[in-house]
Each structure stands twice: as structure tokens, then as C-alpha cells.
Amino acid sequence: MGKGFFISKTLGIVGVIVGTGVVATIIALSVVYSQEKAKIHEAVNPPTTPSTPWEHYRLPDSLSPVSYNITLWPRLVVNASTGLYIFTGQSAVVFQCEKDTDLILIHANKLNLTLLSLISRDGATAPAIKKSWLEVPTQFLVIQLNSNLMAGRQYELYTEFIGELADDLGGFYRSEYTEGTSPPVRKRAELATTQMQPVDARKAFPCFDEPAMKAVFHMTLLHAHGTVALANGMNLASVNVTVNGQDVTRTSFQPTPLMSTYLLAFVVSEFGSHDRKHVFIFQIRIWARKQAIAEGQGDYALEKTGPILEFFENYYSSSYPLTKSDQIALPDFSAGAMENWGLITYRETALLYNPASSSNGDKEWIATVISHELAHMWFGNLVTMKWWNDLWLNEGFASYVSYLGANSAEPTWNVTDLIVLKEVHGAMSVDALASSHPLSSKEEDVMRPAQISELFDTITYSKAADSTPGLDLPASVDDIMNRWILQMGFPVVTIDTATGSINQRHFLLDPDSVVDRPSPFKIIIYFLILSNTATHLPMKTLGSDWMLANTKVSGFFRVNYDSSNWDRLLTQLSTDHEAIPVINRAQVVDDAFNLARIVSTILALRTTLFLQREREYMPWQTADRNLGYFFLMFDRSDVYGPMQAYLNKQVTPLFNHFKTITADWTKIPEKHTDQYNQVNAISIACSTGVAGCEELTTGWFKDWMKTPENNTYREIHPNLRQTVYCSAIAAGGVEEWDFAWRMYREASIASEADKLMYSLACTRVPWLLNRYLNYCLDPEKIRKQDATFTIVYIAGNVVGQSLAWDFVRANCYGGGSLSFARLIDGITKRFSSEFELKQLQQFIEENAEQGFGSATLAVDQALERTKANMKWVAENKADVYKWFTDNSA
């Protein structure tokens, strides 16, 4: 065999710098970037000029908040006169007048204002209020005055108001849950909690609801006896008082640091906690349902929070800026978690861990989410973006360092290696669409709440995570930042090893798609080459030598080679695949599959031949994800049979390998990624009919069904449960489904419920899937936070695809919510026919008048992806069928 050599990012681009230099680099680059981006003048949708100040979506620069004094009283019983759950409140906001003005604009949304007054803080007479109203489209409380507020003076605006404590998961909202494990002892309870990001603080109280409008918040909560109140600051005092004839507890809190409205949080609940004093001076508390705390489900989070905070204190060279760190697991929560300063809110699955029921994937998720949120305590909370168009600075950096924090807490996992799988590959799949977007946009292009919400996507979180390590710069700062931040997409770098030539171009999933978004800068290829084509003698190979670029996937680009080098790489993989690092084995597979549209689909399939000898997780996971696209495109065609047979042949050695090293499935592998790959082995083997797999999973499941009350299903290890449940339910019928549904309803551990929720969508019985879809309309059966995921799971089942699409069109037009964007993305992934394209176009036309709000980009991408799928299937179906047939024997 000829020798191989590697070309890495260090050949001319970027070396990773770990430590406090990262922060300094990011801040320095962001300053230059913010200056440079102003040079781009052309906007995709030029804004119209509103005729009055309250028709603008942005606050004027005439007023700036100083502090808020807020008292809120959530009622966790239905109001007799309205039939609604409500909250009442009063707020006094002190603000500075920066410019003379006779107009106060302050955000307020869905609040009924009952009292409004204005005073001057210096004892002078404040201007009288001439007129006030709520401007619903822009969500402003508009207050017109008889005379001007004077620049340099401070004023106080006092309001009293009533709002609905709805169950809409936004602003100040209500959540319901049950305690106990069986009906006789189950108790129903309710809590009030918050989710302000990005623009829902205005639903809780009138406020200057923009991230740059920082202020100090003094919070007081009125709540029923026997409940606990939490807020960003530590509890100062709780006293029993009588208000309007009702006996309640009044809890006041330490004032917050200077911070943005979107970071405000408060909760009233019957929760319990587990706490400890950190080695330094602040207190760490984990809050959850009392049953969860009693069962020790918060212990892991409590154990790891302190070390992760300590890691970030050293990383940022800055002490934790608060006196406490509360983290609370909520039964209903729309996001994964939220970095509220001092009171971080989580989904239960992102904070609670039970060793008897939670998998290693659950544990890793908890560690990385905690790390992500704690990273924000400095980068995002202490230092905050001016406006939402720079959200990538907050979330991209937090995504990147979340792996560093988790790695410090669990060093044996080597989670930093998984950034490629979990962030880079996912970001590339979206950024290869012509409907992608740059990391940042002009401020004036991100104004409406829907436009702001649309930014919370894969590009902002995952592509930005690959942009944030420190840089050894091969070009000017502006050149680097402009190329990364102000244009969408990434390059494919093509290397000809016969000549040493390199060229690059914008990589698109569909090479024929039209990119209509301005992109005035060349895409950087991260070599010491500033032109688009050059020759590098080190990239010229001789004889049987092979060359591999972008080692360890340290650059955000794809690599293509001349056909001879591809052949030599594949020969190396087929003879001694371990000569190529495991990350790059995954990279070769992912690049080849994504380049299939411009190179060769058969070449991509050839990169999976070595998998018969592969035992590592990353190459298998990458191949499984990419072959998953083939299943989506062909599981309704005659390609499906040969494709199943081929993958059966490839995965059988892996299945047998894990059967051997686990002593016939009685043990779990020690290595973190081996545990993941054991799941892959069973999942792929059962879905492709490997002998003995279905018998294994259905046998475990039937044993559980026989004696569920004795928890004999504990022999199904938590790592394997989702795969086992899914396989058994797919192989079974009504009896298995009904049993799993009962177990789902009785589950007291969120991660166990999630596994069952996913697996219930695996049935091949259409009427059961229809029943499951209808359950999504009933929050008593499927929680609102879970309905979208459930529908998407059903759509992922070939039997459920058309059922889910019909259901969404009939029932679930989401008006542009974030969950609706996820719904559209998930349901349309299999679309690849003319009929499906016409249905999608008709759906878009029928809803064009009301629009899709923050789901607009998801709809555009679904349309683009469907057209690309149709083209790819038409061009490749015959060749793919032949290749799988030839290689499945």
C-alpha cells in the first residue's frame, strides 16, 4: 500500500486556541464585523417607512430604562367571572429621558391596563397624559403627553394591569402536571412560570423589551400559602399578608444586576429542591416536582453544575456574577432550556436524570445543556448583543463552549469529538440550501417578532458554533469576518492530486438552484490562498499515495478530489480503515454523500463498503444518517428491497460484535461511543431483518408486558429502551401499542416518557397512527410541548407520512410559531414526487394571505428541498437500484 498524507486547517487557516483568548478574539472580531457589515447596502426585502413612531417595531432612542419595581400575583385557580386563569400586576419603571419628547412608547402585549400614571423623579411636575392606547400590531403601549419630557431627567411610569395566565408556553404562563405513579395516588397540580425570550416579557408587564434596554429589576410575587416563589435574585423575605381579602404570601427578591428583559424569570410552584453551597460563595439549587427530587432525579445536575461553573470561571477569568444558581425542571416548556440569569429553566428531560431509566444519551444531553446555559451567564447575560440580528454571537459561542464545559465534567466521554456529528454536519445540511441565510443580517431586516423568532435555527446555533474558536488569521480581520458572517453557505474545495491544483465554489445541495440573496464576498477556503484557483505542490501525489484534506474537520467546508484520489481513499478504507482517523472516516462518508449530486451517487455508496469492518460510532452514525435519506426517498419503491438486503449484510458483523462483547446482550460496553453504537447495531439490524434481532427485542418487550408492576423490564437497559420499544411496537399490534400507551401515561420520569412517546409512532397499523395523531389535539393526552415532536415522529414512519401531512393540513395550521416551523421541516423531509410538490404548493397558496411568520424560512426550505429530492430521485433511482442489487449478495 502507498502511504497517505493529510492536509489540515493548520496549513493556512486556523488553529484552535483554548482558553480566555477565545473570548477576547470573539469580542475583537465582533467589533470589526459590526463596523464592516454596514457596507452591505442591499436588503432582500426593502422595508416600508411607517408614518407614525408607533408603527415602527423598534423603540425610539428617546428613553432608556433604569429600573423596574414589579409585583405580580398569579392565580392558580380559575377566575369565577371570566372562566380564565389570570394574573394581576403593578409595575413602576424608572426611565431616563435622552431626548426631549412628548411620546412614551413601551412594549405591552395582551395586557389589560387598569391604571396608568406618570411622575417626575426630581419632584417637578411631570407632563400630563393626553391619550394612551395599545397599538396591537407593534405591541406598544402608546402614551401621548401634553408637553415634553426633558432630556437628562428621570421619570417613573406606574401601571396596573391584568393578564391571562394561559398555557401557551410564552411570557407568564401556566403549566399543569401530576404527581404519583398510579391513579389512586396521583395528584394534579399547577404552577406559574415564564419564558420571555425573545419578545414575551411584554406579555407579563409593560417594559422596554429590547436586549440593549438593560435595567435593574426589583421583583415581588404574591402567591398562595404552601407554594414556593422563585425569581432571578435570591429570596429576601417571605411574609404572610392579606390582599383584597385573600391570605397570601408575599415574597420579595434581591434586585438583579443590570440585565435585559428577556432574561427575567419567576416561578410559583409546589416544587421541592436539592441544594448545596458551592466551594466559593454562591448557592446551587435544583428544583423539580417533589417526587422527582425525592427520587434523586436532580442529583446528577447538582453534582455537575458546580464543576461546570468553576470551569467557566477559569475559562472566562471572571467569577460567577450572582449569589445563587437556581435550575428548575418544568413539565411544560417550549425550548430545551433558557439561560435566565440566576434562574435557568429547563424541560424535565434536559435536567433530570434517573440512573435506572435514563440512557447515556440522556445523561450527555443533560451535561451539554447545563453547560450551554451556564456559559450564557457570562457570554449573553453579562455581555449581550445589541439586537437580535446578532443572536449568533450568543448562541453559537454557547453551543461551542457547551462541549468544553461538558468535557470538563465528564472527561472520559470525549464529547468534543462529537461536535462534528452534532453541530457541523447538521449545519451544513441546512446551509447547503439556496434558502439558507447568513449568520447575521442587517438590523432593519430583523424587526417583527416573527422575524426574530425565525433566527432561532440550526444556522444560528450550529454553524455559529463552528465559527467561534480563536483564530490564527491568514487574512485581515474584516475579510475573515465578512466571509463568515455576512454571507450564507460554505464552499466545496476540489483538489486535483494529479496536478496539485485547488479550486472552490459555493456548495449547494441542488447545483442548479438559484441563490437570490446577495453574497458579495468570496467564500474562504481556509488555505493560504486568496484567489479561487491555485496550485500547491504538497497536494500533488504520486503512485498509490492518497491525500486527505481538512483533518479532524477543523474547517467548515466540504472536500472533493479527483477520481483517482477518491479510488485510493476507498482502497485504503477497504484494506486498513484505521489508517484514517475516525473523525475523517466519518467525514469521507459525509462529504461523498453530500457531493453525490455533483460527483457521483455511486461513489457515495461505495464509501459504505468498509462498514463491514468498522466498529466505531462516528462512521456508522454518519452512514446511517446519510443512508436514512435513501430510505426516505425509496422506501415506497422497488429500491427498498435491495437496499434493505445490502444494509442487512453490512450491519450483521456489527450486530454480532456487540452480541459478543456484551456476553449475549447481558452487559453494556464501557466506552461512551460504543454504547451509542450498540444502539445503532440493534436499531439497524432489527429494521433490516438481521436474524435474531426482532426475537431479541420482542422477547424483552413481552417479558415486560407480562409483569409491568414488578418492573421486570429493568432487564432492558435504559440505553436500549427506545430502540427495543420501537422495534417491538413495529412488530406487534394493538396489544403492544395499548400497553406502551398505558406505560407512557403512567411514566413519572420524563426521559422514559419521551422514549415511549417516540416508540408509539413506530407501529405499522394505520388506524393506531391516526388515533395517536388525534391525541395530539388533546393536551390531557399529549402535552402541548410534545405535540409537534409526536407528529414529526409519526411522519417519519412510512405508514404515517401521508396521515401526518393530511392531519396537519386539516388541524394544525400554526400561524408561524416555532413549533410549526419544526412541523413543516419534519413532515416534508420525504417529499419527492410531483404530487407532493403540488400539495405543498397548494398549502402555501391557501395560507399565503395570513402568512407563515417565523415558519416562513422553513416553508421555503421545504419547497426547495422537495424540488431537489424530485430531481435527485429521477436522476439516480435506476443506478441506485442496480448498485444495491449488485452489492447485496
Side-chain angles (χ1 to χ4, degrees), residues 6-10 13-19 22 304 308 311 315 359-372 375 396-429 458 461-470 526 548-559 573 577-591 593-594 607 610-611 614-626 654 668-681 719:
F6 306 90
I7 303 296
S8 75
K9 203 172 181 179
T10 57
I13 52 163
V14 192
V16 176
I17 302 171
V18 178
V22 174
K304 296 303 177 183
I308 293 173
F311 169 81
Y315 187 78
S359 67
N360 68 323
D362 297 330
K363 196 173 190 179
E364 183 192 309
W365 175 241
I366 290 166
T368 52
V369 173
I370 289 175
S371 184
H372 181 107
F397 185 75
S399 293
Y400 169 68
V401 299
S402 69
Y403 289 89
L404 306 184
N407 191 63
S408 73
E410 297 285 3
T412 63
W413 290 354
N414 297 317
V415 292
T416 51
D417 290 344
L418 299 181
I419 294 177
V420 172
L421 282 182
K422 299 193 174 185
E423 307 295 341
V424 177
H425 287 171
M428 283 183 161
S429 68
T458 301
Y461 281 76
S462 296
K463 181 180 180 179
D466 194 61
S467 312
T468 51
Y526 297 139
L548 182 71
N550 198 16
T551 56
K552 296 188 177 180
V553 195
S554 50
F556 196 80
F557 56 93
R558 296 205 178 277
V559 186
L573 285 172
H577 60 280
E578 292 183 349
I580 296 176
V582 64
I583 292 179
N584 285 100
R585 300 203 294 273
Q587 172 221 3
V588 166
V589 173
D590 202 61
D591 278 353
F593 272 91
N594 281 276
T607 66
F610 83 99
L611 292 176
E614 180 63 80
R615 302 295 176 263
E616 291 289 341
Y617 167 68
M618 290 186 67
W620 263 106
Q621 180 65 16
T622 303
D624 184 41
R625 186 181 62 248
N626 281 291
L654 186 71
I668 290 297
E670 292 184 7
K671 193 169 133 184
H672 187 62
T673 52
D674 281 351
Q675 292 179 37
Y676 282 153
N677 217 24
Q678 182 190 20
V679 175
N680 277 339
N719 290 357

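The first residue of the sequence shown is numbered 1, and numbering continues consecutively from there. Note that the structure is predicted; figures quoted are calculated from it, not measured.
- Two residues are said to be in side-chain contact when any heavy atoms from C-beta on lie closer than 4.5 Å; Ile366 and Lys304 fail this criterion.
- Among residues at least two apart or in separate chains, salt bridge (charged side-chain N to carboxylate O under 4.0 Å, His left out) pairs with a member in residues 668-681 are Glu616-Lys671.
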Determine whether Tyr617 and Asp417 satisfy the following criterion, side-chain contact (heavy atoms from CB on, under 4.5 Å), listing intermediate values before the conclusion. CA-CA 11 Å; Tyr617 167 68; Asp417 290 344; over 6 Å; no

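- In this structure, Asn550 CG and Asp591 CG are separated by 7.5 Å, a value rounded to the nearest 0.5 Å.
- Annotation: side chain of Ile583 is in contact with side chain of Met618 (closest heavy-atom distance under 4.5 Å).
- The two residues His672 and Asn360 make their nearest non-hydrogen contact at O-ND2, 3.4 Å.
- For His425, the ring-ring contact (aromatic ring centres under 6.0 Å, His included) test picks out no residue, with sequence neighbours left out.
- Applying the salt bridge (charged side-chain N to carboxylate O under 4.0 Å, His left out) criterion to Asp590, with sequence neighbours excluded, gives Arg558, Arg625.
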Residues 403-410 side chain polar contacts: donor-acceptor under 3.5 Å, at least two apart:
residue: Tyr403; atom: OH; partner: Glu423; partner atom: OE2; Å: 2.7
residue: Ser408; atom: OG; partner: Gly405; partner atom: O; Å: 2.6
residue: Glu410; atom: OE2; partner: Tyr300; partner atom: OH; Å: 2.7

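- What you find for Ile308 and Ala367 is that their closest heavy atoms are CD1-O, 4.1 Å.
- Here Trp365 pairs with nothing under the ring-ring contact (aromatic ring centres under 6.0 Å, His included) rule; sequence neighbours left out.
- Shown here for Gln587 and Val553, the closest heavy-atom pair between the two residues is CB-CG2, 3.7 Å.
- With contacts defined as side-chain heavy-atom distances shorter than 4.5 Å, the pair Thr458/Lys463 does not qualify.
- What you find for Ala549 and Asn584 is that their closest heavy atoms are O-ND2, 4.2 Å.
- The salt bridge (charged side-chain N to carboxylate O under 4.0 Å, His left out) check on Lys422 picks up Glu364, with sequence neighbours excluded.
- Separation of atoms OG (Ser462) and OH (Tyr400) is listed at 14.5 Å; rounding is to 0.5 Å.
- For the side chain to side chain contact (heavy atoms under 4.5 Å, CB included) test, residues two or more places apart in sequence or in another chain that qualify with Asp624 are Asn680, Ile684.
- Atom OG1 of Thr607 and atom CG of Leu573 lie 8.0 Å apart (nearest 0.5 Å).
- Partners of Glu614 under the side-chain hydrogen bond (donor to acceptor under 3.5 Å, both in side chains) rule, at least two apart in sequence or in another chain, are Arg585.
- Considering only residues two or more places apart in sequence or on other chains, Asn719 meets the side-chain hydrogen bond (donor to acceptor under 3.5 Å, both in side chains) condition with Gln675.
- Here the side chains of Val582 and Pro619 are in contact, with some heavy-atom distance below 4.5 Å.
- Put simply, CD1 on Ile668 and CD on Gln678 are 4.5 Å apart, with the number rounded to the nearest 0.5 Å.
- Here Lys552 pairs with nothing under the salt bridge (charged side-chain N to carboxylate O under 4.0 Å, His left out) rule; sequence neighbours left out.
- In this view, Phe311 and Tyr315 satisfy the ring-ring contact (aromatic ring centres under 6.0 Å, His included) rule, not counting sequence neighbours.
- Legend: residues meeting side-chain hydrogen bond (donor to acceptor under 3.5 Å, both in side chains) with Ser359, ordered by chain and number and at least two apart, are Asp362.
- Remark: the backbone N or O of Thr368 is not paired with any side-chain donor or acceptor of Ser371 at under 3.5 angstrom.
- Once rounded to the nearest 0.5 Å, the distance linking CG of Asn626 with CZ of Phe593 reads 5.5 Å.
- From Thr673, atom OG1 reaches atom CG of Leu418 across 7.5 Å, with rounding to the nearest 0.5 Å.
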